[in-house]
**Student:** 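Can you read through this structure? Questions will come right after.
Given the structure is predicted, the values throughout are model-derived calculations rather than measurements.
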Number of protein chains: 2
Amino acid sequence: MTSVTREQLTTGERGPLEEIEQALMQISWLAQRQFMQLLDDERFRLTLPQFYTLLHLYQSAAECKMSDLAEATQQSAASLTGVVDRLAEKQLAERKRHPSDRRQVMVVVTPRGCELIAEIKQARREQMQAALSHLVDQDVDLLLQLLDRVLLGMARVLERGESGRWA
Amino acid sequence: MTSVTREQLTTGERGPLEEIEQALMQISWLAQRQFMQLLDDERFRLTLPQFYTLLHLYQSAAECKMSDLAEATQQSAASLTGVVDRLAEKQLAERKRHPSDRRQVMVVVTPRGCELIAEIKQARREQMQAALSHLVDQDVDLLLQLLDRVLLGMARVLERGESGRWA
DNA sequence: TCGAGATTATCAACAACATTAAGTATATCA
DNA sequence: TGATATACTTAATGTTGTTGATAATCTCGA
């Protein structure tokens, strides 16, 4: 547990934790912006919510309930309806009915959707490798371990945020 | 020497670089989603583009040209016009004329805007500390160094992307 | 000094999302 | 059966992103 000084509470602080926070947020913003432009390529023509929604379908083996998909991708149910509409129009995903509970709508990725995701991941890998090319193997392994732990922490915060709002 | 299977070459590969790429993109998406919800709090009522625009004004000491602001925040000039409109309505930023070149519009953050940014940074720090609380000091320093290098690499890719599109 | 061409920012029209509240269909259970 | 809960969609409004056109201003050569 890191100790917190009074200065950190009152003024601007400049502890390493805040620097990490700033670096992470800046990376997040830039990465999403870069990726948005990549997805806008005529080969793909996807938006960020469309991509992350399709990606979750691609990664989850079986079909996926709307409400689970909304929680996994951190979108509201109302937004997701429109996103899935557009994925279905493009024939990248399909809606099905749950056999026993007809209220539920199940979504699956189509073969065409799988292909597209694979192409996008390939393009993104090239883009990212350019950004990470100056890291040596040792750094890569270390960074990966640390990022996994950050991700774990963020997921945990999100879970807690479900019911009671943090902050 | 680790051997490379045929699967890694043809299908999804699973090298550490790709894992970093995936972890980074997932963190970016979640971080932006979390932060979007935080900014939606009644205390702030900002959107992500509004925040990052205001943040850049806050961090750059002097007033800022529209085109420079657009490049720094990675938004199109047309989008930025609307964003600055809304910041000005909320009295968080102001437009000025460049004295000698009257085509240019200079933007500055107001004292009210500075206060708001400070409050948001404080709230975000608390949120982020919850996510990073399980990292020990040593990890924090290491992670920071690595993130800085990632950021550097991404900025460099962005610069090159100005003229010729990557990927 | 005048006018052609650049530069800078804005506008207009449209699609995609986010949010909120209301609505519809289905399930559950007393 | 009827009340209530659940799962999803719809509708209304605001913000952002894209593209192409427009307006204002500057620069520079004739």
Side-chain angles (χ1 to χ4, degrees), chain A residues 29 32-42 44-54 63-90 92-108 165, chain B residues 29-30 32-42 44-54 63-90 92-108 162 165:
Chain A
W29 176 255
Q32 297 296 296
R33 289 276 140 172
Q34 272 191 25
F35 191 37
M36 192 189 301
Q37 292 180 7
L38 179 62
L39 288 177
D40 197 38
D41 186 286
E42 75 257 10
F44 312 134
R45 291 287 169 201
L46 284 187
T47 64
L48 282 175
Q50 285 168 25
F51 171 79
Y52 282 101
T53 302
L54 202 56
E63 54 196 22
C64 199
K65 218 173 78 172
M66 283 292 283
S67 44
D68 292 344
L69 193 52
E71 191 193 320
T73 59
Q74 293 285 303
Q75 304 174 82
S76 73
S79 286
L80 186 61
T81 292
V83 171
V84 170
D85 280 349
R86 277 155 229 128
L87 290 178
E89 272 173 28
K90 298 177 195 169
L92 302 173
E94 278 175 359
R95 270 185 241 254
K96 297 188 174 185
R97 283 275 158 207
H98 185 101
S100 64
D101 187 342
R102 296 177 40 76
R103 291 170 305 179
Q104 293 182 25
V105 171
M106 313 302 287
V107 192
V108 264
R165 220 28 157 229
Chain B
W29 175 255
L30 289 181
Q32 297 295 296
R33 289 278 141 170
Q34 271 191 27
F35 191 36
M36 191 190 299
Q37 293 180 7
L38 179 62
L39 288 176
D40 196 40
D41 187 285
E42 74 259 10
F44 312 134
R45 290 287 167 201
L46 284 188
T47 64
L48 283 174
Q50 286 168 24
F51 170 78
Y52 282 101
T53 302
L54 201 57
E63 54 195 22
C64 199
K65 217 173 76 171
M66 283 293 283
S67 44
D68 292 344
L69 194 52
E71 191 194 321
T73 59
Q74 294 282 305
Q75 303 173 84
S76 73
S79 286
L80 186 61
T81 293
V83 171
V84 170
D85 280 349
R86 276 154 228 129
L87 289 177
E89 272 172 28
K90 298 177 193 171
L92 302 173
E94 278 175 0
R95 270 184 240 253
K96 296 187 175 186
R97 283 273 158 208
H98 186 100
S100 67
D101 186 344
R102 295 177 42 75
R103 290 171 304 180
Q104 294 181 27
V105 170
M106 312 302 288
V107 192
V108 265
E162 293 304 320
R165 219 28 156 230

**Student:** Sequence neighbours left out, what passes side-chain hydrogen bond (donor to acceptor under 3.5 Å, both in side chains) with B/Lys90? Give chain and number order.
**Tutor:**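 B/Lys90: side-chain hydrogen bond (donor to acceptor under 3.5 Å, both in side chains) contacts with B/Gln50.
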**Student:** How long is the line joining CG of B/Leu69 and P of C/dT8, in whole Å?
**Tutor:**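 To the nearest whole Å, that distance equals 15 Å.
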**Student:** Take A/Gly82 and A/Met36, find for each the nucleotide of DNA chain D with the closest heavy atom, and name the residue whose nucleotide sits nearer the 5' end.
**Tutor:**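 The residue mapped nearer the 5' terminus is A/Gly82.
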**Student:** Please test A/Gln74 against B/Met36 for side chain to side chain contact (heavy atoms under 4.5 Å, CB included), starting from the C-alpha separation and ending with a verdict.
**Tutor:** CA-CA 11 Å; A/Gln74 293 285 303; B/Met36 191 190 299; over 6 Å; no
**Student:** Contact list please: residues 95-103 of chain B against DNA chain D, heavy atoms, distance less than 4.0 Å, in numerical order.
**Tutor:**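 Contacting residues: B/Ser100, B/Asp101, B/Arg102, B/Arg103.
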**Student:** Rounding to an integer number of Å, can you tell me how far B/Met106 CE sits from C/dT8 C1'?
**Tutor:**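 The answer, rounded to whole Å, is 12 Å.
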**Student:** Could you check whether any side-chain heavy atom of B/Arg97 comes within less than 4.5 Å of a side-chain heavy atom of B/Val105, counting everything from C-beta outward?
**Tutor:**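 The answer is yes; the side chains approach within 4.5 Å.
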**Student:** Between the protein and nucleotides 12-16 of chain C, list every N/O to N/O distance that falls short of 3.5 Å.
**Tutor:**
none

**Student:** Can you name the residues that form a side-chain contact (heavy atoms from CB on, under 4.5 Å) with B/Ser67, not counting sequence neighbours?
**Tutor:**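 Applying side-chain contact (heavy atoms from CB on, under 4.5 Å) to B/Ser67 gives B/Lys65.
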**Student:** Shoot me the first and last contacting nucleotide of DNA chain D against chain B, ordered 5' to 3', at under 4.0 angstrom to non-hydrogen atoms.
**Tutor:**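 The protein-touched segment is D/dT15 to D/dC26.
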**Student:** When all nucleic acid strands are considered with a 4.0 Å heavy-atom cut-off, which category describes A/Ser67: base, sugar-phosphate, or nothing?
**Tutor:**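 Sugar-phosphate only.
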**Student:** Rounded to whole Å, please give me the gap between CG in B/Leu48 and C1' in C/dA18.
**Tutor:**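 So the CG-C1' distance, B/Leu48 to C/dA18, works out to 11 Å.
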**Student:** Take A/Gln75 and B/Arg33 through the side chain to side chain contact (heavy atoms under 4.5 Å, CB included) test and state the conclusion after the steps.
**Tutor:** CA-CA 8 Å; A/Gln75 304 174 82; B/Arg33 289 278 141 170; 3.9 Å; yes
**Student:** Using 0.5 Å steps for rounding, measure from the CG atom of B/Leu87 to the CG atom of B/Leu80.
**Tutor:**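 Rounded to the nearest 0.5 Å, the CG-CG separation comes out at 8.5 Å.
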**Student:** Check side-chain contact (heavy atoms from CB on, under 4.5 Å) between A/Arg45 and all other residues, then give those that pass, not counting sequence neighbours.
**Tutor:**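 Checked A/Arg45 against side-chain contact (heavy atoms from CB on, under 4.5 Å); matches are A/Asp40, A/Glu42.
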**Student:** Just how far, in rounded Å, is P of C/dT19 from CD of A/Gln74?
**Tutor:**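 To the nearest whole Å, that distance equals 11 Å.
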**Student:** Strictly under 6.0 Å, is that where the ring centroids of B/Phe35 and B/Phe51 end up?
**Tutor:**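 Ring-ring flag for B/Phe35/B/Phe51: true, centres closer than 6.0 Å.
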**Student:** Looking at every heavy atom in both B/Asp68 and B/Cys64, which two are closest together, and how far apart are they?
**Tutor:**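 Taking every non-hydrogen atom into account, CB-SG, 4.4 Å.
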**Student:** Tell me every residue that passes side-chain hydrogen bond (donor to acceptor under 3.5 Å, both in side chains) with B/Thr81, counting only those two or more places apart in sequence or in another chain.
**Tutor:**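 Partners of B/Thr81 under the side-chain hydrogen bond (donor to acceptor under 3.5 Å, both in side chains) test: none.
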**Student:** Using the side-chain hydrogen bond (donor to acceptor under 3.5 Å, both in side chains) criterion, which residues pair with A/Asp85? Sequence neighbours excluded.
**Tutor:**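 Listed in chain order: A/Arg95.
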**Student:** Run the side-chain hydrogen bond (donor to acceptor under 3.5 Å, both in side chains) test against A/Arg103 and tell me which residues pass, sequence neighbours left out.
**Tutor:**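 A/Asp101.
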**Student:** Stems involving DNA chain D: give each as a range paired with a range, ordered by first number, where a stem means at least three consecutive Watson-Crick or G-U wobble pairs under 3.5 Å.
**Tutor:**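 If one scans DNA chain D for consecutive Watson-Crick or G-U pairs, the stems found are C:1-30 with D:1-30.
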**Student:** Step by step, work out the side chain to side chain contact (heavy atoms under 4.5 Å, CB included) result for A/Leu46 and A/Leu92.
**Tutor:** CA-CA 11 Å; A/Leu46 284 187; A/Leu92 302 173; 3.9 Å; yes
